Number of protein chains: 2
Amino acid sequence: MKWHDLNDNACPLARAMGVIGDRWTLLILRECFLGVRRFDSFQKRLGVTRHLLAERLKRLETMGVLERRPYQERPLRHEYRLTASGKEFAPVMLAMQDWARKNLPSTEPIPFRFVTRDGGQEVDPVLTDRISGQVLDHRSVLMVPKSQRHDDTAGVSPPSADQNAQDLSAG
Amino acid sequence: MKWHDLNDNACPLARAMGVIGDRWTLLILRECFLGVRRFDSFQKRLGVTRHLLAERLKRLETMGVLERRPYQERPLRHEYRLTASGKEFAPVMLAMQDWARKNLPSTEPIPFRFVTRDGGQEVDPVLTDRISGQVLDHRSVLMVPKSQRHDDTAGVSPPSADQNAQDLSAG
DNA sequence: ATAATGAGTTCTAAAATAGAACCTATATTT
DNA sequence: AAATATAGGTTCTATTTTAGAACTCATTAT
């Protein structure tokens with residue numbers, strides 16, 4: 001599979017991988033959330049090659065996650081900012097960082113915090129249901145396939161893939 | 001930067017990229033959440049090469065996200081299951097899928113749903129603070145660098161990277 | 001005896017990434 | 001005036017990763 005084949009996949013997770021499915025893109029977005037906007041700042045802070053950085057910024061722009069806008073003329077210079085779409089990625093970032101803290105431990109001190117804008121208190125993220133307020137995790141939620149009609153995909157037989165797709169919490 | 005250089009990074013997001021920072025791993029985990037457990041099922045459903053699948057499953061096992069356990073002898077066969085750590089990834093998956101649905105639109109129907117175990121209602125995920133219950137997004141939360149002591153990283157000057165790291169919502 | 005299943009491994013070719021040098025336009029320093 | 005610095009890239013070769021297909025091995029089914 002090639003990079004951009006993911007972009008028109010029916011699965012939203014696959015499309016997400018078309019954006020952040022590499023080693024650098026999420027780190028570029030992290031820098032954006034930390035306030036970095038310029039090519040050289042990204043490059044120096046991340047240590048990514050200029051070549052790859054240019055390519056990734058272009059991709060993120062094309063995907064509508066970042067926008068490139070001039071901040072001066074003579075000479076013309078542009079900076080990269082999160083779009084509305086990019087900003088809405090914040091909860092994913094928060095959830096992922098929380099998972100990694102708890103499940104991929106390190107002896108090093110964590111180099112950032114997420115704090116409330118009013119008050120500056122460090123946050124403790126938990127995913128909930130908008131209506132019921134119920135906590136959403138593997139205990140409370142089940143991922144179920146919607147049956148699809150395409151007879152060419154050998155081996156796919158929702159809703160029961162393999163022997164039992166049901167009990168994920170028992171795994 | 002090489003793949004496994006990310007695994008001992010001080011930044012939890014970088015460490016997360018050491019696990020899911022490629023085009024396939026998250027899709028493998030998606031299949032796990034859908035109940036897939038066997039090598040050939042993953043391979044046929046995803047269309048990933050056997051070579052890469054074997055390598056990724058091994059990595060996920062090493063990282064403690066999946067465990068490999070025998071499900072029969074004669075001949076000996078193993079299956080892959082989510083560990084506690086792997087299951088705790090569910091909220092990240094949910095948040096990411098929600099972001100992609102809303103921000104990377106597609107004409108195709110979404111091939112799965114997340115439903116409550118009790119009731120089977122489709123969920124509407126929102127990240128909140130565990131204590132206050134406040135919604136956590138780019139409007140309410142700020143990502144701030146913790147000052148680090150290492151004088152070799154040219155150009156890094158928290159808390160104000162670039163001109164203004166402060167106002168991320170104004171970006 | 002032959003084919004099928006399940007879980008890989010081993011090849012070669014193609015694609016992506018690393019690392020360094022180069023380019024353009026302007027501004028500043030010597 | 002000439003040299004150096006800043007900002008944002010592009011171009012090049014070498015290395016690493018991934019794709020794609022074929023092959024292995026042990027056992028069971030036909």
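Reminder, nothing fancy here: chain letters follow the sequence lines and each chain counts from 1. For clarity, every value in this text was computed on a predicted model and none was experimentally measured.
Remark: side-chain polar atoms of A:Q72 are paired, donor with acceptor, to backbone N or O of A:P75 under 3.5 angstrom. In this structure, the side chain of A:R117 engages the main chain of B:R139 through a donor-acceptor pair within 3.5 Å. At distances below 3.5 Å, not a single donor-acceptor pair connects side-chain atoms of A:S106 with backbone N or O atoms of B:A10. Checked by atom type and distance alone, the side chain of A:T116 never pairs as donor or acceptor with a backbone atom of B:V141 at under 3.5 Å.
Scored by the salt bridge (charged side-chain N to carboxylate O under 4.0 Å, His left out) test, A:D129 finds no partners at all (sequence neighbours excluded). Residues forming a salt bridge (charged side-chain N to carboxylate O under 4.0 Å, His left out) with A:R77 (at least two apart in sequence, or on another chain): none. For A:E61, there are no salt bridge (charged side-chain N to carboxylate O under 4.0 Å, His left out) partners two or more places apart in sequence or in a different chain. Annotation: side chain to side chain contact (heavy atoms under 4.5 Å, CB included) contacts of B:E79 (sequence neighbours excluded): B:R37, B:R38, B:R69, B:Y71, B:R81. With sequence neighbours excluded, no residue forms a salt bridge (charged side-chain N to carboxylate O under 4.0 Å, His left out) with B:R30. Residues forming a side chain to side chain contact (heavy atoms under 4.5 Å, CB included) with A:V48 (at least two apart in sequence, or on another chain): A:W24, A:L46, A:L52, A:L53. In this structure, the ring-ring contact (aromatic ring centres under 6.0 Å, His included) partners of B:F112, at least two apart in sequence or on a different chain, are B:F114.
Taking the nucleotide of DNA chain C with the nearest heavy atom to each of B:D40 and A:V48, the more 5' of the two is matched to B:D40.
Residue A:R37 places none of its side-chain N or O atoms closer than 4.0 Å to OP1 or OP2 of D:dA7. The side chain of A:W24 places no N or O atom within less than 4.0 Å of a non-bridging phosphate oxygen (OP1 or OP2) of C:dA16. Considering only side-chain N and O atoms, A:Y80 lies nowhere under 4.0 angstrom from the phosphate OP1 or OP2 of D:dA7. OP1 or OP2 of C:dG8 sits under 4.0 Å from a side-chain N or O of B:R68.
Salt bridge annotation for B:E122-B:R101: present, with a cationic side-chain nitrogen under 4.0 angstrom from a carboxylate oxygen. Comment: A:D137 does not engage B:K87 in a salt bridge, judged by the lack of any side-chain N to carboxylate O separation of less than 4.0 angstrom.
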Taking only distance into account, with no hydrogens and no angle test, what donor-acceptor pairs under 3.5 Å do side-chain atoms of residues 89-100 of chain B form with protein atoms, sequence neighbours excluded?
| residue | atom | partner | partner atom | Å |
| --- | --- | --- | --- | --- |
| B:D98 | OD1 | B:K102 | NZ | 3.3 |
| B:D98 | OD2 | B:K102 | NZ | 2.9 |
| B:W99 | NE1 | A:S85 | O | 3.0 |

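Distance from the side chain of B:D22 is smallest to D:dT18 among C:dT5, D:dA7, D:dT18.
The residue A:F42 sits apart from the nucleic acid: no heavy atom pair falls under 4.0 Å.
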Contacts under 3.5 Å, N or O only, protein and nucleotides 21-23 of chain D:
none

What are the atom names and distances for every N/O pair under 3.5 Å that joins the protein to nucleotides 27-30 of chain D?
| residue | atom | partner | partner atom | Å |
| --- | --- | --- | --- | --- |
| D:dT27 | OP1 | B:R74 | NH2 | 3.2 |
| D:dT27 | O3' | B:R74 | O | 3.3 |
| D:dT28 | OP1 | B:R74 | O | 3.3 |

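Contacts between residues 52-60 of chain B and DNA chain D, counted as heavy-atom distances below 4.0 Å, involve B:L52, B:R56.
Going from atom CZ of A:F39 over to atom P of C:dA25 covers 18 Å, rounded to whole Å.
Not a single donor-acceptor pair, N or O on each side, falls under 3.5 Å between the base of C:dA7 and the side chain of B:R77.
Axis orientation changes by 10° from one end of the helix from C:dA1-D:dT30 to C:dT30-D:dA1 to the other, with each end axis drawn from 5 pairs and the value rounded to 10°.
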